[in-house]
2 protein chains.
Amino acid sequence: MAKLQQLDRNSVVPLHYQIQQRLLALIQAGEFEAGQPLPPIQEIAARLSVSHMTARQAIKALCDLGVIYSKQGVGTFISGIKLEKNFRQVLSFSEEMESRGSRPSSRVLSFKVRRPTASVIETLRLQPNEEVVELKRVRSANSLPMGIECSTIPLRLCPDLPTTFDPRGSLYRELADHYGMNMAVADEIVEIGLAGSKEAGLLKISKGSPVFLFTRTSYIQNGQPVEFVRATYRGDKYKIVSRLTRIDRSLLTLTANRQ
Amino acid sequence: MAKLQQLDRNSVVPLHYQIQQRLLALIQAGEFEAGQPLPPIQEIAARLSVSHMTARQAIKALCDLGVIYSKQGVGTFISGIKLEKNFRQVLSFSEEMESRGSRPSSRVLSFKVRRPTASVIETLRLQPNEEVVELKRVRSANSLPMGIECSTIPLRLCPDLPTTFDPRGSLYRELADHYGMNMAVADEIVEIGLAGSKEAGLLKISKGSPVFLFTRTSYIQNGQPVEFVRATYRGDKYKIVSRLTRIDRSLLTLTANRQ
DNA sequence: AAGTGGTCTAGACCACTCG
DNA sequence: GAGTGGTCTAGACCACTTG
């Protein structure tokens, strides 16, 4: 039934990934209706002249994404859950605003090398006497001030940042492009606070207005903490949109059951 | 080097999953230090007398969890990122409080079958004239009121709920045990609001205090929305702790690039 | 019994990194 | 060149669901 394009066997892109893309494109184009079964794995494999395992690898990945789900002995079905790209991930302010269709901008409050506070030393796992780069900015979306961010990064990891980076640009992009550091995971705490007079002035809200207080630590793949952020966002204009998924509890309880 | 236990080949538990568990247990027990390489896949496969593919399947799963990471041509390494179980997932209030070590309790404000509002009809994809079960509760942790939750569920999906469910217990547990519905995904919006006099009284805070406003829709695996929740949590006692991960952008931009 | 997804194998080959 | 992870195959077998 479906128009599954043939694969490019000379491409550097792995076959299983090509299949994944082809299927996802068909699903998003509405070729399959929600709740309807996909063609059986065997059929997909035969049609594309790949092995069962390769086809299954693609199916597995799409299951992990949540766009389809498999029932053993029955089939594979389209999930009604849409794959949204607007959910919270490890995103810089710039990326987040761009993905929401807003134009991000920044006003730099300060950009300097300094000695870290004790709590920063601990979260960023710094050596004694190590210095950090600190960047304070007011972030705006479509020229409307949304929040104040203060990022702290170990100088050791990006020694040229203070001289080569234009602090009005995207910090994440700079860290990725010049230092090969891509954020993989971020731990985040969100609390409610009240704007002080200084913050209120910067955000153009009245003193005492409720605000979101973010505390975030970002890590690259090897677990090295790279960035510590304290941020304040307007309570009246900012909201958090996220998608939560359920992960396999059995692995998490391993530690508890061991002893 | 490592003490990899032999596998149980008669178990119903798949070999790749057994390997995954064994490795995770060793990692969490501190047998490997952060940054150190795991034994090569070939060696793991040989030691456990499984094929390369099977061993790799286990490695892949652990990479997805973020506890290890692979560098092609180099090896597989322990990530310094800990696998925490306290992060936000699709959790009921009961589960969330239990995972934080607090004792959850509930005071039922109302529990009834009613006609849904227009916005609920849309989010829960209800038929015209379909009824819903509505449960309003004050949720407490260690007897301290933390929030007010109002859950709405299609009556069609749980026709016996009004007569068989004790509304002081865990709604998620009831839905899972009696109706086989396990929440797979939840979409959530968090905003800041101010407590009205009624809410303030229930939460024992002063009127006008800032509060978290949650709007959440939970889905089971096939994409069917099962629960719509509006909740208000105290801004002074509640905080959101979450872990964000970065997902493959190339798949998300598929739609944008198409046409 | 037939059809489905899930697991596993034994081996081949490739791409990458490092000394 | 040696060692590593990543891909892929062809086929076997199992577990599960449905008619």
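In what follows, every chain begins at residue 1, and chains take the letters A, B, ... in the order their sequences are listed.
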Practice task
Output all residues satisfying side-chain hydrogen bond (donor to acceptor under 3.5 Å, both in side chains) with Ser79(A), sequence neighbours left out; order by chain, then residue number.
Solution key: none

Completion exercise
Applied to residues 154-163 of chain A, the salt bridge (Lys or Arg N to Asp or Glu O under 4.0 Å) test, sequence neighbours excluded, yields Glu130(A)-Arg156(A)

Exercise for the section: If a pair satisfies salt bridge (Lys or Arg N to Asp or Glu O under 4.0 Å) and one of its residues is in residues 9-21 of chain B, list it, with sequence neighbours excluded. Expected result: none

Exercise for the section: Only counting residues at least two apart or in another chain, list the ones meeting side-chain hydrogen bond (donor to acceptor under 3.5 Å, both in side chains) with Arg168(A). Expected result: Asp166(A)

Result block: side-chain N/O donor-acceptor pairs under 3.5 angstrom for residues 220-227 of chain A, not counting sequence neighbours:
unit_1	atom_1	unit_2	atom_2	d
Asn222(A)	OD1	Gln224(A)	N	2.9
Glu227(A)	OE1	Tyr172(A)	OH	2.9
Glu227(A)	OE2	Ser151(A)	OG	3.0

Exercise for the section: For Val12(B), answer base if it contacts any base atom (sugar-phosphate contacts may also be present), sugar-phosphate if it contacts only those atoms, and nothing otherwise; contact means non-hydrogen atoms under 4.0 Å. Expected result: nothing

Handout entry: salt bridge (charged side-chain N to carboxylate O under 4.0 Å, His left out) against Arg125(B), all qualifying residues, sequence neighbours excluded
Key = none

Handout entry: Qualifying residues under side-chain hydrogen bond (donor to acceptor under 3.5 Å, both in side chains), relative to Thr215(B), sequence neighbours excluded
Key = Arg230(B)

Exercise for the section: Take the C1' atoms of the five end pairs on each side of the helix from dA1(C)-dT18(D) to dC18(C)-dG1(D), get both axes, and report the angle to 10 degrees. Expected result: 10°

Exercise for the section: Return the set of residues passing side-chain hydrogen bond (donor to acceptor under 3.5 Å, both in side chains) with Lys71(A) (not counting sequence neighbours), or none when no residue passes. Expected result: none

Exercise for the section: Report the residues that fulfil ring pair (Phe, Tyr, Trp, His ring centres under 6.0 Å) with Tyr69(A), sequence neighbours left out, ordered by chain and then residue number. Expected result: Phe77(A)

Fill in the blank from the handout: In the 5' to 3' direction, the nucleotides of DNA chain D bounding the stretch that comes under 4.0 Å of a heavy atom in chain A are dT7(D) to dT17(D)

N/O contacts under 3.5 Å, protein versus nucleotides 16-19 of chain C?
unit_1	atom_1	unit_2	atom_2	d
dC16(C)	O4'	Gln72(B)	OE1	3.3

